[in-house]
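Take a look at the structure below.
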Amino acid sequence: MQETFKIVICGEGGQGVQSIAKIIAQAAFDQGKKAVYVPYFSTEKRGGVTEAFAQIGEAVPAYPKFAKADLWVALSQRAVERIHGYLKEGTEVVVNSYLVKDLSLIARWKPIEIDAGRIAKEEFRKPRVFNMVMMGAMVKRIPGLDKDRFEAALDHVFASKYAKDPSLKELNRNAFEKGYGLA
Amino acid sequence: MREKQFLMGNEVLARAARAAGATGMYGYPITPGSEVLLWWAKEAGSEQGKKDGLVFLQAEDEIGASFMLSGAALAGTKAFTVTAGPGNVLMQDAFSMCEAMRIPIVAYINQRGGPSTSTVIYSQSEVTLTAFGGNGNGYRVVYAPSDLQELYDYGIKAFNTAWKYRFPTFVLADGYQAKMMGEVEIYDPHDRGIVMASTERYLLEEKRDRPIDQVVPKPEVHIRVQDGVEYSCYRNCLNLEEETLQVNMEIKDAWDKAAPEIEEHETYGDDRAETLIVAFGIVGAASKQAVDQLGGKARLFRPITLRPFPSAALKKAVKGAKRIIVPESAIAQLSRLVKETLYGVTDAPMIEHHRPSIGINVDEIVDLVRKHHV
């Protein structure tokens with residue numbers, strides 16, 4: 001694994017962009033990696049685009065941002081343009097193709113298209129788990145992360161929600177597995 | 001206790017205040033500082049918090065919060081606030097009073113973009129406001145941490161500096177540091193042999209056994225008893241030009257004595273390197289990484305106190321430098337301090353890299369140094 005693996009993820013406010021990045025960074029730290037995460041968002045109460053940056057590795061620097069990403073994830077069409085500048089030769093690109101329809105800007109990176117919105121709606125009957133599908137796809141693409149330990153960490157993060165509604169646990173796990181298998 | 005935790009910067013700041021023994025928090029929420037209020041409110045409402053007498057008060061606005069904070073410190077409470085951007089502007093009225101009366105308040109400032117509302121996350125454009133925001137002749141201490149560990153270390157130290165030297169003291173962070181998550185070591189300062197300064201009803205200085213006529217500025221206290229309650233009324237204005245001059249010069253003398261003890265800086269890299277980078281805060285952290293990548297081409301001078309500015313140390317560090325590069329996420333705030341310090345000291349040209357309210361990546365600093373390296 002290279003020294004530091006850099007991840008940028010972008011989407012609409014409310015899609016869970018920050019939660020996904022935070023959970024991944026926290027899980028990496030829990031697995032003994034060095035990790036740092038920083039968000040970027042604007043003043044809108046709703047309707048804004050939100051970005052998150054995470055770095056994972058053996059010696060992660062104090063400075064939380066970077067110029068080019070190793071893993072680049074867009075959850076909405078507007079996100080594609082917003083974080084286009086973080087692409088470099090060899091960046092791995094993952095998109096939520098349910099909302100990202102126009103791939104012309106990123107075609108040469110051969111994006112991995114995950115139809116997470118449709119999968120969540122049709123297969124799981126729960127639109128909100130689309131971000132679990134995306135997280136599964138992302139974790140597959142991050143070198144050095146242990147999948148089983150990651151899923152255990154997820155159980156920990158959502159412990160209070162699972163206590164209220166135990167069926168959520170299986171739903172989230174299945175959605176995560178689905179995304180993992182697709183990437 | 002040596003274990004590292006994965007925490008958000010704002011939680012690190014709140015825990016620093018708690019570890020320092022602060023008991024009062026007065027504030028008004030604003031991005032990127034609100035999580036400090038949230039953490040403190042929860043802590044104050046916990047069993048242990050109640051037992052320790054923690055106070056949390058969300059005021060009607062920043063003006064109210066900052067005067068409540070000043071009152072708490074006057075009454076001998078180790079107290080603090082957190083704010084940013086426009087909130088920092090509103091609090092300057094109270095902060096200026098704290099300079100005049102030397103009230104040891106602590107304020108954590110998480111810089112966001114300016115001017116006005118601008119962006120909610122990041123900038124380095126509150127240097128001038130935080131260091132010099134009063135209406136003149138005032139003195140205050142400003143620490144500028146560069147990473148999460150320093151947020152904790154200086155978050156604690158600020159209280160000791162404030163109460164030891166009796167100047168309002170600031171920790172100037174930014175929204176990246178406040179909102180980022182990373183690893184940090186949370187410790188009990190007592191385990192590190194850090195002795196926390198004692199507090200008291202400030203102007204009387206009884207615990208320090210200092211006669212009241214040696215306290216600067218000499219307080220005038222009028223004790224009034226009403227319905228069995230004793231009120232200490234402190235004078236906070238001056239009448240005559242001559243008196244104003246005298247009091248201001250007395251405070252200046254106290255500052256001039258304290259400043260050399262307070263000043264802090266860090267130098268990094270090979271001291272034969274031709275290019276001297278002067279950067280602070282999180283851009284200082286990025287510059288450090290750039291120095292590592294530049295293999296002897298550049299070195300770093302990082303002021304940790306922006307006020308008092310470590311002038312003597314910078315004058316020394318600039319010796320042998322062929323050029324000075326000042327990267328900052330603002331327009332000419334740090335570079336103004338650098339120029340003021342170096343006037344008449346060096347012929348080395350200064351390259352100012354002003355990037356208002358946008359982060360400065362490691363690669364950008366590396367490119368900048370390479371571009372000017374002959």
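Every heavy atom of this structure was used, including side-chain atoms; hydrogens, water molecules and symmetry mates were not. Here is the naming used below: chain letters follow the sequence lines, and residue numbers restart at 1 for every chain.
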* Under 4.5 Å from any heavy atom of chain A - which part of B/Thr31 ->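 Interface part for B/Thr31: side chain.
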* Asked: Using non-hydrogen atoms only, which part of B/Glu150 is less than 4.5 Å away from chain A: side chain, backbone, both, or neither?
  ->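 The answer is neither part of B/Glu150.
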* Salt bridge between B/Arg112 and B/Glu126, side-chain N to carboxylate O under 4.0 Å? ->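 Answer for the salt bridge query: no.
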* Salt-bridge test for B/Arg355 and B/Glu328: reply yes if a basic N is under 4.0 Å from a carboxylate O, no otherwise. =>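 No, this pair does not count.
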* With only heavy atoms counted, which part of A/Phe53 is less than 4.5 Å from chain B, the side chain, the backbone, both or neither? ->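 No part of it gets close to chain B.
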* To do: Please say whether the positively charged group of B/Arg192, taken as NZ for Lys or CZ for Arg, lies over the ring of B/Tyr187, i.e. under 6.0 angstrom from the six-membered ring centre and within 45 degrees of the axis.
  =>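 B/Arg192 over B/Tyr187 ring: yes.
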* Could you please spell out the steps behind the salt bridge (charged side-chain N to carboxylate O under 4.0 Å, His left out) verdict for B/Lys297 and B/Asp270? => CA-CA 8 Å; B/Lys297 281 193 178 69; B/Asp270 188 336; over 6 Å; no
